[in-house]
Colleague: 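A single structure is presented below for examination.
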Amino acid sequence: MSTTTPERVNDLRQRLDAVRRRIAAAAASSGRSEPNLIVVTKYFPASDAAILAALGVHDVGENKAQEAEAKAAELVDSGLRWHFIGQLQTNKAKSVVRYAAAVHSVDRAGLVGALAKAMAAENRRRGGEGKPARGPLDCYLQLDLRQGQGLEPGRGGARPEEMLELADAVAAQPDLRLAGLMAVAPLGEDPAAAFERLRDLSAVLTDRYPDAAGISAGMSQDLEAAVEHGATHLRIGSDVLGPRPAVG
Ligand SMILES: *Cc1c(COP(=O)(O)O)cnc(C)c1O
């Protein structure tokens, strides 16, 4: 497990700089403003997230509830904003709303209900401790871009036809903020084509909900295509953190 050594700080600084340069170059060449960078720290220790915070990273992403909860608790004073980006079970909603600013994987009505209920309970809990209510939870609807493309299943998300119904469900909840859409480019397809469909879906969504203009798209391999197609948030893991650490 890596810890806070000068070597690790240098390693992360160099990789982060390289990713930032790629983002700037992609934005410049497509005439778009630079999206927000969410560094995905999954599999890596909290010490890496602490280093990233010191290097000026504000947003980090995690995809497993237990791992995210533990790191967020350890780094509670870091000022980092936590984005939950993985498949989320309804029974984890309660813990996620304690630390997460955003959930990028809202893919079904049952989860919307669970998050709304958890937010209400969390604000009651805070009230009981004499603390102010937390801000609304940013919700990105995760869409499965393979649907209708004849591609192999394998990654989560709602069907694009379900988007507006799911959006209505989020918008009806006072403690949830409909932030936009999220997707992972399907394997076996040019990511640019997938991100173009996502942008078209975003146009449909913002027609009904003008404030829900977020597009969370783009990972290490395809960030350039995502920037070109209007991503507002990139979720970059391996190109900042490096190869996955050995487990255990
Ligand atoms: C792991 C992960 C990422 C980051 O992927 P990299 O290829 O490591 O950049 C982005 N989004 C989701 C949903 C992920 O699970």
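Counting starts at 1 for both ligands and their atoms, following the listed order. It should be emphasised that the depicted structure is a prediction, and the values quoted were computed from it without experimental measurement. For this chain, numbers begin at 1 and follow the sequence in order.
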Colleague: Heavy-atom count around Arg244 CZ within 6.0 Å, excluding the residue itself: above 12?
Modeller: no
Colleague: Just list the side-chain donor-acceptor pairs under 3.5 Å for residues 100-110, sequence neighbours left out, or say none.
Modeller:
{"residue": "His104", "atom": "ND1", "partner": "Ser216", "partner atom": "OG", "Å": "2.9"}
{"residue": "His104", "atom": "NE2", "partner": "His83", "partner atom": "ND1", "Å": "2.8"}
{"residue": "Ser105", "atom": "OG", "partner": "Gly86", "partner atom": "O", "Å": "2.6"}
{"residue": "Arg108", "atom": "NH1", "partner": "Leu88", "partner atom": "O", "Å": "3.3"}
{"residue": "Arg108", "atom": "NH2", "partner": "Leu88", "partner atom": "O", "Å": "2.7"}

Colleague: Given side chains that start at C-beta, do those of Gln173 and Leu137 come closer than 4.5 Å, heavy atoms only?
Modeller: no
Colleague: Tell me which donor-acceptor pairs under 3.5 Å the side chains of residues 159-167 have, and how far apart each pair is, sequence neighbours excluded?
Modeller:
{"residue": "Arg159", "atom": "NH1", "partner": "Glu161", "partner atom": "OE1", "Å": "3.0"}
{"residue": "Arg159", "atom": "NH2", "partner": "Glu162", "partner atom": "OE2", "Å": "3.2"}
{"residue": "Glu162", "atom": "OE1", "partner": "Arg159", "partner atom": "N", "Å": "2.8"}

Colleague: May I have all residue pairs that pass salt bridge (Lys or Arg N to Asp or Glu O under 4.0 Å) and include part of residues 31-44, sequence neighbours excluded?
Modeller: none
Colleague: Please examine the side chains of Leu143 and Leu181, heavy atoms only from C-beta on, and report whether any two atoms are closer than 4.5 Å.
Modeller: yes
Colleague: Return a table of N or O atom pairs, ligand 1 on one side and protein on the other, at distances under 3.5 Å, rounded to 0.1 Å.
Modeller:
{"residue": "ligand 1", "atom": "8 (O)", "partner": "Ser238", "partner atom": "N", "Å": "2.8"}
{"residue": "ligand 1", "atom": "8 (O)", "partner": "Ser238", "partner atom": "OG", "Å": "3.0"}
{"residue": "ligand 1", "atom": "9 (O)", "partner": "Ser220", "partner atom": "N", "Å": "3.0"}
{"residue": "ligand 1", "atom": "9 (O)", "partner": "Ser220", "partner atom": "OG", "Å": "2.5"}
{"residue": "ligand 1", "atom": "9 (O)", "partner": "Gly237", "partner atom": "N", "Å": "2.8"}
{"residue": "ligand 1", "atom": "11 (N)", "partner": "Arg235", "partner atom": "NE", "Å": "2.9"}
{"residue": "ligand 1", "atom": "11 (N)", "partner": "Arg235", "partner atom": "NH2", "Å": "3.4"}
{"residue": "ligand 1", "atom": "15 (O)", "partner": "Lys42", "partner atom": "NZ", "Å": "2.8"}

